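Below you'll find the structure, written out as structure tokens, and then a few comments.
Note that this is a predicted model, so its numbers are computed, not measured. Heads up: numbering here begins at 1 and tracks the sequence.
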Amino acid sequence: MAKQELTHRALAGLLLLAACAHEREVLPAADRPFWESSRKALKRAPAAPPKREPVPPAPTQRPVPKEAALLARMSLEEKVGQVMMVGFPGLTVDEPVIELVKGRQVGGVCLFKRNIDTAEQVAQLNDDLRALLPAVPPFIAVDQEGGNVVRLSDRNVVLPGNMVLGATRDAQLAYEAGRAQGDDLRRLGFNMNLAPVLDVNSNPRNPVIGIRAFSDDIGLVSELGVQFVRGQQAARVVTVAKHFPGHGAVEADSHKSLPVVTAPEAVLRGQLQPFVAAMHAGLDGMMTAHIATPTLSNGDSTPATLSPHVLGDVLRDELGFDGLVLTDELEMDAIDARYGVGHAAVLAINAGADMVLVPWRLEKVNEVRSALLQALESGVVSQRRLDQAVSRVLRAKLARGVFEPLPPKAERLAGLGKDHDVVKRIATAAVTLLRHDAKVFPLPKNSRTLVITAESVLATELQARLPSTVALVVPAWPKEKERLALKRQAKALAEQADVVVVGVVNSHQIELATVAQLSGKPVVVVVMGAPYLGAQVPSAAAVLTVYSYRESMAEAAVRALVGELAPTGRLPVAMPRMPFGFGLDVNGRRLPEAVQAERASLPASSPGQP
């Protein structure tokens with residue numbers, strides 16, 4: 001989703017682990033998905049007796065019009081507006097934004113980095129956007145996954161990423177992560193998050209998902225994904241999981257081309273399971289994937305976003321999902337280059353999508369709106385199909401309190417970031433030791449240490465504990481002409497050190513680790529990206545992986561390096577000579593298979609509406 005917005009480190013890695021000994025929030029009990037009111041309930045595992053979480057009253061309640069009454073009052077143009085989610089450049093509501101949002105009566109607005117500066121600014125922007133459409137407030141959405149997809153980072157909880165949670169194996173922490181993030185999004189005025197990622201990262205070469213996934217294991221993705229969804233929805237944030245039917249097996253980037261997944265149907269159906277589990281737990285919405293799945297679609301290579309078979313036959317009819325379906329960005333080349341956004345929007349709505357995402361260019365928004373109106377006039381899209389889509393949009397808004405007024409901005413922002421301790425507990429629990437050498441792990445206190453890293457926090461945290469440490473901070477993606485000079489500098493500094501620590505976010509730092517080894521000094525590698533990088537340093541004395549370049553993970557890595565933290569994390573993916581679940585303790589012994597992160601007693605399914 002919106003790869004344009006990812007930083008230069010977006011290909012790098014995930015998150016740290018969390019301490020199990022902390023007092024834990026008790027999970028609320030089960031409830032029905034909001035969308036089950038209109039069709040037969042999905043089959044469920046038995047749940048504990050309902051025990052609802054208390055919900056504070058809205059500050060100034062006004063009568064909330066119901067879905068049918070709202071729909072009956074809408075004109076055709078207003079209904080078309082409701083199935084569109086748009087975006088715009090800038091930090092404030094100005095005349096072009098008013099014309100876009102109010103003039104077209106849109107159903108949702110999606111914000112990106114280009115719209116966000118400070119917490120105060122974005123909270124005001126969101127309040128101003130709500131004020132434009134008081135009768136039917138818009139979804140105000142963001143793409144806040146954690147890890148390397150982060151739009152908001154001013155005082156709010158910033159999660160280290162899904163694969164970090166995968167390394168903790170702790171479903172309770174996944175719930176608390178979703179809840180903490182959701183609470184802060186709500187405080188900032190957001191009512192929808194386009195997360196979590198429920199893709200199973202079955203292909204280590206996947207250029208799009210990687211550490212955005214919890215794991216390559218279907219069961220672990222399902223378990224952690226369900227609890228994350230439950231936590232975020234308990235914060236009354238409309239939760240849209242992605243990317244159905246599963247983006248984890250691809251080798252191409254749908255921002256640039258259409259990935260075609262040729263895995264057997266049984267494999268693809270296996271990767272549906274995290275989505276099915278989340279649906280049974282009351283998931284609000286699903287984002288579609290711009291991928292072709294011919295083995296799932298009887299040989300048809302139509303992108304899933306536009307496929308009546310994938311969205312209609314499989315998602316709606318076979319799996320029984322009657323929640324909100326939102327497309328990924330139609331402006332991505334996998335769709336726009338092949339179909340054009342206007343035609344694609346018509347195909348998506350007819351296939352079973354309820355909203356189309358067009359966040360980047362105004363001319364594309366106009367193209368989509370015109371195409372939908374023309375399709376309705378000509379009968380290509382039926383009034384019944386449009387009403388069905390708009391009803392799902394309204395139902396989700398009613399279920400998660402989008403119509404209800406928010407507390408004053410100052411009151412909301414006063415609580416921002418109050419759950420930062422969740423991030424530290426996740427980070428602590430996720431640190432995973434892959435290779436051990438007692439001579440250099442933990443680092444000798446009196447040694448001359450060199451740290452080479454693209455993430456300066458790793459250097460500053462290490463220097464704070466070992467003041468004699470020398471730091472070489474390098475670009476994450478050096479230009480070709482810089483690489484030779486960096487290699488020479490790294491080798492020269494390594495020759496003067498007793499031990500070299502290399503922070504790795506991508507293959508460029510692997511290159512520097514290899515050069516440092518030529519000095520004959522022991523090298524300790526800290527993988528701050530995809531854990532697969534740890535298999536590319538066979539000569540390193542010790543290898544630690546933290547799955548993320550976020551500050552919380554850099555700090556946890558250093559705590560482990562100096563002996564303040566005993567690694568307890570386990571690989572959430574399989575690697576050469578390191579199976580799924582592999583991890584070493586501080587003495588280099590394999591963590592027993594039976595040892596799992598402590599888990600609270602979890603209900604079988606999620607709360608519907610808090």
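- Between the side chain of R212 and the main chain of N201, no donor-acceptor pair closer than 3.5 Å is present.
- Screening N162, I209, V208 for a side chain to side chain contact (heavy atoms under 4.5 Å, CB included) with D199, the sole residue that qualifies is I209.
- Side chain of N206 to backbone of G210: no donor-acceptor contact under 3.5 angstrom is found.
- Between R559 and E461 there is no salt bridge, since none of the side-chain N atoms of the basic residue sits less than 4.0 Å from a carboxylate O of the acidic one.
- A513 approaches V525 most closely through the heavy-atom pair CB-CG2, 4.4 Å.
- Distance alone, capped at 3.5 Å, is enough to place a donor-acceptor pair between the H436 side chain and the V586 backbone.
- P475 has its side chain within reach of L486: a pair of non-hydrogen atoms, C-beta onward, lies under 4.5 Å apart.
- Classification of K521 and E495 as a salt-bridged pair fails, no side-chain N sitting under 4.0 Å from a carboxylate O.
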Checking L561 against V524 for the side chain to side chain contact (heavy atoms under 4.5 Å, CB included) test, could you report, in this order, the C-alpha distance in whole Å, the side-chain angles of both residues, the deciding distance, and whether it holds? CA-CA 9 Å; L561 286 172; V524 177; 3.8 Å; yes
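- A side-chain donor-acceptor contact under 3.5 Å links Q181 and Q232.
- When all heavy atoms of Y175 and R230 are compared, the pair lying nearest together is CE1-C, 3.7 Å.
- Listed for the H420 side chain is a donor-acceptor partner under 3.5 Å among the backbone atoms of R155.
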Evaluate V423 against L159 for side chain to side chain contact (heavy atoms under 4.5 Å, CB included), listing each step before the verdict. CA-CA 6 Å; V423 175; L159 299 175; 4.2 Å; yes
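- At most 12 non-hydrogen atoms from other residues, nucleotides or ligands lie less than 6.0 angstrom from CG of N446.
- Distance check, rounded to the nearest 0.5 Å: OH of Y532 to CD1 of I211 gives 10.5 Å.
- Electrostatic pairing of D184 and R187 counts as a salt bridge here, judged by a charged N lying under 4.0 Å from a carboxylate O.
- For the pair R435 and F582, the cation does not sit on the ring face, since its NZ or CZ is not both under 6.0 Å from the ring centre and inside 45° of the axis.
- Taking 4.5 Å as the limit, every side-chain heavy atom of V237 sits out of range of all side-chain heavy atoms of Q233.
- Note that OG1 of T453 is 9.5 Å distant from CG of L472, once rounded to the nearest 0.5 Å.
- Put simply, the side chain of D217 never gets that close to the backbone of P572: no donor and acceptor are under 3.5 Å apart.
- Taking 4.5 Å as the limit, every side-chain heavy atom of L433 sits out of range of all side-chain heavy atoms of D585.
- Taking all atoms of both residues into account, the shortest heavy-atom contact from V142 to F190 is CB-CE2, 3.6 Å.
- When atom types are taken as modelled, the side chain of Q144 and the backbone of L152 share a donor-acceptor pair closer than 3.5 angstrom.
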Go through it in stages, so that I can follow the logic: the residues are E555 and R465, the test is salt bridge (charged side-chain N to carboxylate O under 4.0 Å, His left out), and I'd like the CA-CA distance, side-chain angles, deciding distance and then a yes or no. CA-CA 11 Å; E555 192 267 345; R465 290 164 172 81; 3.5 Å; yes
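- Atom CZ of R236 and atom CG of L406 lie 10.0 Å apart (nearest 0.5 Å).
- Using a 4.5 Å cut-off on side-chain heavy atoms (C-beta onward), P196 and V229 make contact.
- A donor-acceptor contact closer than 3.5 angstrom is absent between the side chains of S507 and Q536.
- R570 places a side-chain N or O within 3.5 Å of a backbone atom of G581 that can act as its donor or acceptor partner.
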Step by step, would you call V457 with Y549 a side chain to side chain contact (heavy atoms under 4.5 Å, CB included)? CA-CA 9 Å; V457 176; Y549 57 75; over 6 Å; no
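- For the pair K242 and E145, the salt-bridge criterion is met [side-chain N within less than 4.0 Å of a carboxylate O].
- For the atom pair CD1 (I218) and OG (S202), the distance works out to 8.5 Å, reported to the nearest 0.5 Å.
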Assess the residue pair I452 and V474 against the criterion (side chain to side chain contact (heavy atoms under 4.5 Å, CB included)); give the C-alpha distance rounded to whole Å, side-chain angles, the decisive distance to 0.1 Å, and a yes or no. CA-CA 7 Å; I452 303 171; V474 301; 4.2 Å; yes
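- Among all heavy-atom pairs drawn from F112 and P359, the shortest one is CE1-CB, 3.6 Å.
- Within a 6.0 Å radius of CZ in R590, more than 12 heavy atoms belonging to other residues, nucleotides or ligands are found.
- Minimum heavy-atom separation, M287 to V240: N-CG1, 3.5 Å.
- Separating the OG atom in S539 from the CG atom in L518 is a distance of 9.5 Å, to the nearest 0.5 Å.
- Closest of all the heavy-atom pairs between A454 and A476 is CB-CA, 3.7 Å.
- Side chain to side chain, E223 and Q227 fail the donor-acceptor criterion of an N or O pair below 3.5 Å.
- Side-chain atoms of N115 come within 3.5 Å of backbone atoms of F88 as a donor-acceptor pair (strictly under, hydrogens ignored).
- Taking D154 as the reference, nothing meets the side-chain hydrogen bond (donor to acceptor under 3.5 Å, both in side chains) condition, with sequence neighbours excluded.
- For D498 (side chain) and R448 (main-chain N/O), a donor-acceptor pair under 3.5 Å exists by modelled atom type.
- Shown are D128, N126, D127; of these, the side chain to side chain donor-acceptor pair (under 3.5 Å) with Q124 is made only by D128.
- Proximity of a side-chain donor or acceptor of H243 to a complementary backbone N or O of L198 within less than 3.5 Å is not detected.
- Under the 4.5 Å side-chain criterion, counting only non-hydrogen atoms from C-beta, V573 is not in contact with F580.
- Distance check, rounded to the nearest 0.5 Å: CG of L224 to CG of D170 gives 8.5 Å.
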